[in-house]
2 protein chains.
Amino acid sequence: MDAMDNCTDSKDRILDKAEALFAEKGFHAVTVREITQAAHCNLAAVNYHFGNKQNLYLEVFRTRWMPRARRVQACFKDVLSTQDERSLAGIVHALAEAFLKGPLTDDERLCHSQLMIREMAKPGLATDMLVDEVIKPFFGDLVVLLGPYLPENGERERVMLDIVSIFAMVIYFNFARVPVTRVTGQEYDEVFKERLVEHIVRFCLKGLDMDKKEGA
Amino acid sequence: MDAMDNCTDSKDRILDKAEALFAEKGFHAVTVREITQAAHCNLAAVNYHFGNKQNLYLEVFRTRWMPRARRVQACFKDVLSTQDERSLAGIVHALAEAFLKGPLTDDERLCHSQLMIREMAKPGLATDMLVDEVIKPFFGDLVVLLGPYLPENGERERVMLDIVSIFAMVIYFNFARVPVTRVTGQEYDEVFKERLVEHIVRFCLKGLDMDKKEGA
DNA sequence: GTCTATAGCAGGATAGAC
DNA sequence: GTCTATCCTGCTATAGAC
């Protein structure tokens, strides 16, 4: 398809297409034939370069998913460092922005969260790598970062749940595009995504925040 | 396994096991052989009763998923009707409670949300049925119910996003048990689930709500 | 490093006895 | 309704020419 296809070697093309297909359909629903056809190379290339299908899947995470996760985290820290004053609102906004708009293209972002969700749904081949090398360290950073805003020092669990909740929002709105679009009637264009970031920041900071009009 | 297995007919046993397996692994990762073995019946039974694997999958949604979704919604309305005064907090609490504790057993709830998430991740065989017959009508009800609390009548989209956000929390905490457990160190026992309900209600109503200690 | 050909096997589906 | 036996397709993986 792409004019560049012949410039990059088949190993890279396979990794690219494999990632997209694994994200879209899941490991079992994708066949090696499908991948090699999409990558415009021979069926045997997967076994030659990666040994077998499982290892190709793992390589997708090693060479594609992990670096991208690091890019997003770097973006988050970049945004933070440019803020002259540190505030809770600033941190949440940086988080939502890095994950929902950040350095990734739309396709990358969708692909990225789909791969993660699939792996998180049920412990899979790449779960350990993902949890130990990316999720846990990043959560550790966030706990430290949000420490000053803790109600008490003892309530570590509450902070954990709050952080997870922010991710819940970001990941859900990325992943559940189909029902969101069907229910709201909104396509995921730039305008809507900007509104989503605003919504997520507001919701995470203030919740529904409709108390003014209590009493039906 | 169960002592009751021989009492219910094979059609029901197949539906039960198929649902659990489809939820756990996804459509493609499950084989008909696996299902029939788990259901202690013959391989040919699936084709005899359901024609083919795809139709079995659809029947799982028709005869298992949909009735359960209705039970949860009924529970939500029940709780609402017992509240003497209607309030935003009451509605959110009823929602979180119905979905996170409600009428379902733990296994049912996990199974239920896994099936839905898989279907929502990418439009699948049952997506239309699910969206048109369950999600859209229920969202319609919620929009009406939350209408009195709208900031303005024009802001329908904001209410939609708020409702979706509540579901995002509920579904994520149900679905992403693995990372939640790994990060928080908490198993999903009764105590933790009760805390989760409290957390979700609080978070949805008030967000992070840490403004008191602004300024690091 | 790329390709063809094929081994070897697992899965879905069916025919037909009981 | 249940079972056995079997067909056939489509998959992963490999061997070996180029």
Side-chain angles (χ1 to χ4, degrees), chain A residues 1-63 115 118 122 124-126, chain B residues 1-64 115 118-119 122 124-126:
Chain A
M1 292 284 186
D2 294 356
M4 300 296 288
D5 273 6
N6 296 328
C7 305
T8 58
D9 63 354
S10 67
K11 193 171 176 179
D12 281 330
R13 290 203 312 274
I14 289 173
L15 282 167
D16 285 341
K17 297 298 183 181
E19 177 175 34
L21 287 165
F22 284 143
E24 189 194 340
K25 305 181 170 189
F27 182 79
H28 291 281
V30 178
T31 68
V32 174
R33 288 162 205 277
E34 209 176 347
I35 295 168
T36 50
Q37 273 169 25
H40 300 115
C41 67
N42 190 270
L43 171 63
V46 162
N47 286 71
Y48 175 76
H49 288 293
F50 305 98
N52 57 37
K53 186 185 174 186
Q54 287 206 0
N55 203 48
L56 165 58
Y57 184 75
L58 280 173
E59 279 298 304
V60 163
F61 277 87
R62 280 194 211 102
T63 67
L115 279 176
R118 285 187 198 286
K122 180 168 89 81
L125 294 168
Chain B
M1 294 286 185
D2 293 358
M4 300 296 287
D5 272 8
N6 296 329
C7 304
T8 57
D9 62 354
S10 67
K11 193 170 176 178
D12 281 330
R13 290 201 313 273
I14 289 173
L15 283 167
D16 286 340
K17 298 297 184 182
E19 177 175 34
L21 287 166
F22 284 143
E24 189 194 340
K25 305 181 170 189
F27 182 79
H28 290 282
V30 178
T31 68
V32 174
R33 290 176 156 84
E34 208 177 347
I35 295 169
T36 50
Q37 273 168 26
H40 299 117
C41 67
N42 191 271
L43 170 64
V46 162
N47 285 70
Y48 175 76
H49 287 293
F50 305 98
N52 57 37
K53 187 185 173 186
Q54 286 207 2
N55 204 46
L56 165 59
Y57 184 73
L58 280 172
E59 278 298 304
V60 163
F61 277 88
R62 280 195 210 100
T63 66
R64 295 286 187 278
L115 279 175
R118 285 187 198 286
E119 204 58 27
K122 180 169 92 82
L125 295 167

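Here is the naming used below: chain letters follow the sequence lines, and residue numbers restart at 1 for every chain.
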Residue C41(A), side-chain heavy atoms: nucleotide from dC3(C), dT2(D), dT12(D) that is nearest: dC3(C)
Protein-nucleotide distance (F50(A), atom CZ; dA13(D), atom C1'), rounded to Å: 15 Å
Side chain of Y48(B) (C-beta onward), nearest among dT2(D), dT12(D), dT14(C): dT2(D)
Spacing between I14(B) atom CD1 and dG12(C) atom C1', to the nearest angstrom: 14 Å
Geometric class of the F27(A)/F22(A) ring pair [parallel <30°, tilted 30-60°, perpendicular >60°]: parallel
Interatomic distance, K53(A) NZ vs dC11(D) C1' [rounded to whole Å]: 8 Å
Whole-Å distance separating the CG atom of L21(A) from the P atom of dC11(D): 13 Å
Atom-to-atom span, CG of N47(A) to P of dG8(C) - whole angstrom: 16 Å
Per N42(A) side chain, nearest of listed nucleotides dA13(C), dT4(C), dT4(D): dT4(C)
E34(A) side chain reached by K25(A) side chain, heavy atoms, under 4.5 Å: yes
Heavy-atom check, side chain of D16(B) versus side chain of T8(B), under 4.5 Å: no
Interatomic distance where NE2 belongs to H28(A) and C1' belongs to dG11(C) [whole Å]: 13 Å
Heavy-atom donor-acceptor pair, R33(B) side-chain to dG12(C) base, under 3.5 Å: yes
Pairwise distance CG(D12(B)) to CZ(R64(B)) - rounded to 0.5 angstrom: 5.0 Å
For atom CZ of R13(B) and atom P of dG1(D), their distance in whole Å: 13 Å
Any N52(B) side-chain N or O less than 4.0 Å from OP1/OP2 of dG12(C): no
L125(B) vs F61(B) side-chain heavy atoms within contact, under 4.5 Å: no
A44(B) side-chain proximity, nearest of dG12(C), dT14(C), dT12(D): dT14(C)
Whole angstrom value for the distance that separates P of dG10(D) from CG of L43(A): 15 Å
Residue met sooner reading DNA chain D from 5', once K11(B) and T31(A) are mapped to nucleotides: K11(B)
Side-chain N,O (H49(B)) to OP1/OP2 (dT2(D)) below 4.0 Å: yes
